[in-house]
There are 4 protein chains.
Amino acid sequence: MTEMRKSIPSLVKDPKLVEKRREQIIEAAVQLFISKGFHKTTTREIARESGFSIGTLYEYIESKEDVLYLVCDAIHSEMEKGIRSSIDASLSGAEMLKRAILDYLKVMDQMDEKVLLIYQETKSLTPEAKKYVLQKEEEITEIFADILRRGIEDGSLSLEEKSVNLMAHNIIVLGEMWTFRRWALRKHYTLEEYTEMQTSLLLRELQTT
Amino acid sequence: MTEMRKSIPSLVKDPKLVEKRREQIIEAAVQLFISKGFHKTTTREIARESGFSIGTLYEYIESKEDVLYLVCDAIHSEMEKGIRSSIDASLSGAEMLKRAILDYLKVMDQMDEKVLLIYQETKSLTPEAKKYVLQKEEEITEIFADILRRGIEDGSLSLEEKSVNLMAHNIIVLGEMWTFRRWALRKHYTLEEYTEMQTSLLLRELQTT
Amino acid sequence: MTEMRKSIPSLVKDPKLVEKRREQIIEAAVQLFISKGFHKTTTREIARESGFSIGTLYEYIESKEDVLYLVCDAIHSEMEKGIRSSIDASLSGAEMLKRAILDYLKVMDQMDEKVLLIYQETKSLTPEAKKYVLQKEEEITEIFADILRRGIEDGSLSLEEKSVNLMAHNIIVLGEMWTFRRWALRKHYTLEEYTEMQTSLLLRELQTT
Amino acid sequence: MTEMRKSIPSLVKDPKLVEKRREQIIEAAVQLFISKGFHKTTTREIARESGFSIGTLYEYIESKEDVLYLVCDAIHSEMEKGIRSSIDASLSGAEMLKRAILDYLKVMDQMDEKVLLIYQETKSLTPEAKKYVLQKEEEITEIFADILRRGIEDGSLSLEEKSVNLMAHNIIVLGEMWTFRRWALRKHYTLEEYTEMQTSLLLRELQTT
DNA sequence: GATGAATGAGAGTTCATTCAT
DNA sequence: GATGAATGAACTCTCATTCAT
């Protein structure tokens, strides 16, 4: 679990305060970005919703792009936390996978619009910030790769080594598509149906013969 | 094949000319949106790259959003055409599916950045335009649903009716993820490998026992 | 007479219009810079005094610094024109010098505040613009150097070659100090007195024995 | 030697401390103003370079303009001290003048950028502060006027009474131009050459017949 | 006496859109 | 049908100054 974050300089020295204020900023910005998009949200709106003045906002960030990075990073962390919490070392790989997918899709469903937000605005990040965000994305994918490898080892799952990475991506995309194609999927399926059907299809790919 | 498009008013009467000019606009705008994004592209740039003045641009559209719709619609049409061209009525459902996925992924690989563009900027469309774009998206999905149903009928594919729609979405997403996760996938797989592996996994889900 | 100017890009294509609008800008900006200084004058004020909107202002310049360059260049041109007009080829070097100083000081007295402006704001120019402005300054100095050399040649003035350049600078500074030390000098002397006394002192330095 | 200074109120009562802190402020501000100019230097920078917080800075001044006044006044004092130190009562007026010019130009050359600073930023002072600064300027000029008068009295210099003041200004300007026209003068002359040539020219104006 | 977080007016600049020619 | 100069609301960001601690 590599712990790497882009550090954003602040004019304010007290780290506790910086963290607190940035949490306020993130909370405000997430809502605004979700409802209006990054480009149509103004820095003044972010400041107002955060509960302080525009001048104060800029004591804690250097540019509007910083807010986007803060937001993307916070969402990713929330996602990662949600997924990791479901891991139970006592289960077989196959069981662990089912459980992890179940929880993952639940998290994605709850975080719905936040996930969509990352998905749509990552491109607006500065190249440097984008690197960090994509790295985080890969770390999250790796969680599923690890589970798959465990299942292969204990014989509960069948998959070629070369496909592990791809399958991990497929699982991640399962969750993402539930958010970005919800306009179509939710007309036909509930989250539970979606989860069950996708899990069932997936396990057919991984069945030991 | 429902043919429905949002009609965009033009000050110019001659329909031939309108079409010609809008093609110029689309060609210019696609490149600009790909390299700078919709919001960071100015109408002046669109006009200049289109080969005429800003005044003339506004003779053929009513707002910058119109250009985005024109672009999204054109990309979708190109995609659809690419996919439909691969359909060969003499094949079994299973064969047709393999062939269609092969061609679909090839098209998506070629249109790469254009697909990404639709994905990232659809949210900037006006609600009305977005409706049309999502409708088109569903029509494209329906192409695969039709192939799947054909395979079920002729016995070459096995799938519950309820899963047909979901499976069609899954196939579409297979193509999309090749573009929006390319930063990760292309480190590990070529298009050919990706196609083969995904097709093989998919067919395990659809195998007749 | 080298003719070199920094060219400032304009979004407007018609050169006649560009020249006309820039004259308006210069006229407005000179007054504003004189009364409030460059830094305390806002671009909005410049636009308003020029008679058009802020948007229009930026069709003719790229930045506020451009206005400063335009202003400095215009003032220098006016100065140079005023000085060159006094040159009469039929006079001896000494006579020509007297005449040129007389006219030069008259011009400087009339342009008073504009000269002061150049003096105080040249430092705010971009390095590139500053180069052009200082070059112009040297060209103007060279006018006097030429007159001095003529006087040396025809025997009406006595000065070592090495001192010609220095003396030319001294003459230029005579005019400048009349503007930037006016708060002291005008308490004691009229322009006529100042001119006469300085000319008389100067000629003592240049007298042929 | 009139001793008059604008008094700047301080929130701090202890005069020793006020003086010490203001020295720190001046030292920091001089460097900053020289390298960035008054307007482009922020109060935060001044505080940081002075070694204390922005809050503390405002305990010792009332506004940013106060810092400029403090700086101008300090530079003037340094200049004045440098000039006065060269006065040797045992010399004749003419000798004293030569010596004073020599020392004066040496001081101006050393203080170079500080002199330029006063010269360029005096205009940004409040009207009241400007009055004090110009008064100081006149006092310094008067030093040379006194020397000239002494030379007239002892017969070592020849000059009409009415020209004394003007000549004193001319001498001051000799030093100033060495700083503000250095971009041209230093291409041709060293300080020693400049001093010698200007002194020699000047003495021709003042020679007793 | 020292601190530094908070403020918000105001700066320079951009750009979608209009409309007279 | 084509042009492009004009517009001004709106944007991001800065910074001198204050005041509670």
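Below, chains carry the letters A, B, ... as their sequence lines are ordered, and counting in each starts from 1.
- Within the 4.5 Å cutoff, side-chain heavy atoms of C/F33 are placed close to those of C/L68.
- Salt-bridge check for A/K40 with B/E65: passed, with a basic side-chain N closer than 4.0 Å to an acidic carboxylate O.
- Nearest-nucleotide mapping onto DNA chain E: of D/S53 and C/I61, the residue sitting toward the 5' end is D/S53.
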- Task: Could you please spell out the steps behind the side-chain contact (heavy atoms from CB on, under 4.5 Å) verdict for B/Y69 and B/T126?
- Result: CA-CA 9 Å; B/Y69 174 70; B/T126 59; over 6 Å; no

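- For C/K36, the NZ atom is densely surrounded, since the number of other residues' heavy atoms within 6.0 Å is greater than 12.
- Following rounding to the nearest Å, C/L57 (CG) and E/dC15 (C1') show an atom-to-atom distance of 15 Å.
- A straight line from NZ of B/K36 to C1' of E/dT14 spans 12 Å, rounded to a whole angstrom.
- Remark: A/K64 is positioned above the aromatic ring of A/F38, its terminal NZ or CZ atom under 6.0 angstrom from the ring centre and at most 45 degrees off the axis.
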- Message: For a quick check, with a 4.0 angstrom heavy-atom cut-off, what is the B/S/- contact string for nucleotides 14-21 of chain F, read 5' to 3'?
- Response: BSBBB---

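- Expressed to the nearest 0.5 Å, how far CG of A/L11 lies from CD1 of A/I61 amounts to 10.5 Å.
- If you check residues 17-26 of chain A against DNA chain E, the residues with a heavy atom closer than 4.0 Å are A/L17, A/R21, listed by number.
- Computed from coordinates, the C/I8 CD1 to E/dT13 P distance equals 13 Å when rounded to whole Å.
- For the OP1/OP2 pair of E/dA6 and a distance below 4.0 Å, the side-chain nitrogens and oxygens of A/Y60 include at least one atom meeting the criterion.
- Look at CG on C/D14: it is 14 Å from C1' on F/dA6, rounded to the nearest Å.
- Heavy-atom contacts from other residues, nucleotides or ligands closer than 6.0 Å to CD of A/Q24 number more than 12.
- Put simply, CD1 on C/I46 is 17 Å from P on E/dG10, counting in whole angstrom units.
- Remark: the backbone N or O of B/V12 is paired with a side-chain donor or acceptor of B/S10 at under 3.5 angstrom.
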- Residue pair C/K123, D/E121: steps toward the salt bridge (Lys or Arg N to Asp or Glu O under 4.0 Å) verdict: CA-CA 10 Å; C/K123 69 162 195 314; D/E121 303 291 11; 3.8 Å; yes

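- Within the 3.5 Å criterion, the main-chain N or O of D/Y60 finds a donor-acceptor partner in the side chain of D/R22.
- Ion pairing of A/E59 with A/R21 is absent here, as no side-chain N (NZ or NE/NH1/NH2) approaches a carboxylate O to less than 4.0 Å.
- Per the geometry, CZ belonging to B/R48 stands 11 Å off P belonging to E/dC15, to the nearest Å.
- For DNA chain F, runs of at least 3 consecutive pairs of the Watson-Crick or G-U wobble type, with both hydrogen-bonding distances under 3.5 angstrom, map to E:2-21 with F:2-21.
- A/L11 places its CG atom 14 Å from the C1' atom of E/dT7, with the value rounded to the nearest Å.
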